[in-house]
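As structure tokens, the structure follows; a few thoughts come after it.
Within every chain, numbering begins at 1; the chains are lettered A, B, ... in the order of the sequence lines, protein sequences first and strands thereafter. Both backbone and side-chain heavy atoms feed into the values below; hydrogens, waters and symmetry mates do not.
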2 protein chains.
Amino acid sequence: MTLPRRGRPGHDLDAVLAAAVTLFNARGYDATSMDDVARSLGITKSSVYHHVRGKQELLRTAIGHALDGLDDAMTQVRGLADATALERLETLVRLSVLVLTSRLPYVTLLLRVRGNSAVELDALQRRRAFDHEVTALVKAAQAEGSIRPDVDPATAARLLFGMVNSLVEWYSPDRGNAGELATTVTALAFDGLRPRSP
Amino acid sequence: MTLPRRGRPGHDLDAVLAAAVTLFNARGYDATSMDDVARSLGITKSSVYHHVRGKQELLRTAIGHALDGLDDAMTQVRGLADATALERLETLVRLSVLVLTSRLPYVTLLLRVRGNSAVELDALQRRRAFDHEVTALVKAAQAEGSIRPDVDPATAARLLFGMVNSLVEWYSPDRGNAGELATTVTALAFDGLRPRSP
DNA sequence: GTCTATATCCTGATAGAC
DNA sequence: GTCTATCAGGATATAGAC
């Protein structure tokens, strides 16, 4: 994402973005001023405006990065033509966990957006499209008989990704391997907390 | 919660609180000004200050109501002396879903708090205490053999309540009975999405 | 790329009349 | 219980020098 910085002082857009996202996540977007962002970089507010058009652009860029990751995961899953719906859904859960963990600050920010501006409304719309596709996968897996038929597909989809998305509330890279976590999440989602008798 | 309003104009604290919480949830606490709250009630900002000492007090009262509900649920579960750890955990999940749905706006607000002030830090501390107790329950259920031993108790507890708490992102009272939803959540959490062979 | 200085507006909160 | 008027501080954003 970042081109190698060639020597010397000063920051680039990626540095400003990273600093902003960190603060947005820690204190909230609205509670973070451009001056906070500037001071966290050791520069002045005006200097920040040299790199970025405005506060909203920081938000738009950051949540766009998160949405692109999730869309990529969905695109990969769509490509699994020979797989069952259950396998596709399991793969989507696993890939989503990996996106959440690898782009943690960006996805964290995305999941806190409330639709307060055009930028945020766009993000919510893209999230809704993702959710609808998850619901369709659940429905298809039910038709296969590989997911219990006694739950509403939309509800199951929401609870499933509610669990997945809740990772952003506590996960940190040093708190364990992302691949193992993806396995745990998938196991709990599809097989439950109770032991399965083999 | 509200005494029957005896005739005529003017609002009371509960009305101001309800209006504030609605806006806090829709746009975020920081993005909501006291003037927004006032205008949504059809009065001026100064009139709001007649009912409430300040913006923080609105937040404190609202999230206190949510925390009290969750603490009550935990207290009930602690009282089940004859129950297994699994039964206690299942009961806690069910009661938590009922608290989330019955106090939806307050719990929604609580779950979005980031620790930006003394009020918010207090709330986070009470949430942490709740989480620790859930982890202890999971551990006890594992010791009984009623929860799979291959997952870290703290991780399982977080994912479990991540799923439960995600309700606030989409539930609305007219979207189905809360008791049924609690049953669905419990079934998915403990038995998973896959069908169980009886 | 960063700075100082400034414009403009909105914020939470208070005083005091009706 | 609501109003008008007001305050001090902080917000986003811009202009222009270095």
Only pairs at least two apart or in different chains count here, so list each salt bridge (charged side-chain N to carboxylate O under 4.0 Å, His left out) that has a residue in residues 154-171 of chain B. R114(A)-E169(B)
Using a strict threshold of under 4.0 Å (side-chain N to carboxylate O), is an ion pair present between E133(B) and R88(B)? no
Does anything in residues 21-28 of chain B come within less than 4.0 Å of DNA chain C? Heavy atoms only, and list the residues if so. none
Under 3.5 Å side-chain donor-acceptor pair for D36(B) and S33(B): yes
Apply salt bridge (Lys or Arg N to Asp or Glu O under 4.0 Å) to the pair R126(A) and D68(A), showing each step before the final yes or no. CA-CA 10 Å; R126(A) 286 180 69 182; D68(A) 290 346; 3.0 Å; yes
Any side-chain heavy atom of R194(A) sitting closer than 4.5 Å to one from L86(B)? yes
Whole-Å distance separating the CG atom of L13(A) from the P atom of dT2(C): 12 Å
Looking only at side-chain atoms of H51(A), point me to the closest of dG1(C), dT2(D), dC3(C). dG1(C)
Protein within reach of the bases, or only the backbone? For nucleotides 4-15 of chain C, mark each nucleotide 5' to 3' as B, S or -, using heavy atoms under 4.0 Å. BB-----SBBBB
From the list L160(B), V97(B), L100(B), side chain to side chain contact (heavy atoms under 4.5 Å, CB included) partner of N165(B) resolves to L100(B)
Round to the nearest Å and state the distance from L41(A) atom CG to dC3(C) atom P. 11 Å
Donor-acceptor side-chain pairing of S47(B) and T44(B) below 3.5 angstrom: yes
Between CE of M74(A) and CG of L95(A), what distance do you get to the nearest 0.5 Å? 10.5 Å
Does H50(B) have a side-chain nitrogen or oxygen under 4.0 Å from the phosphate oxygens OP1 or OP2 of dG1(D)? yes
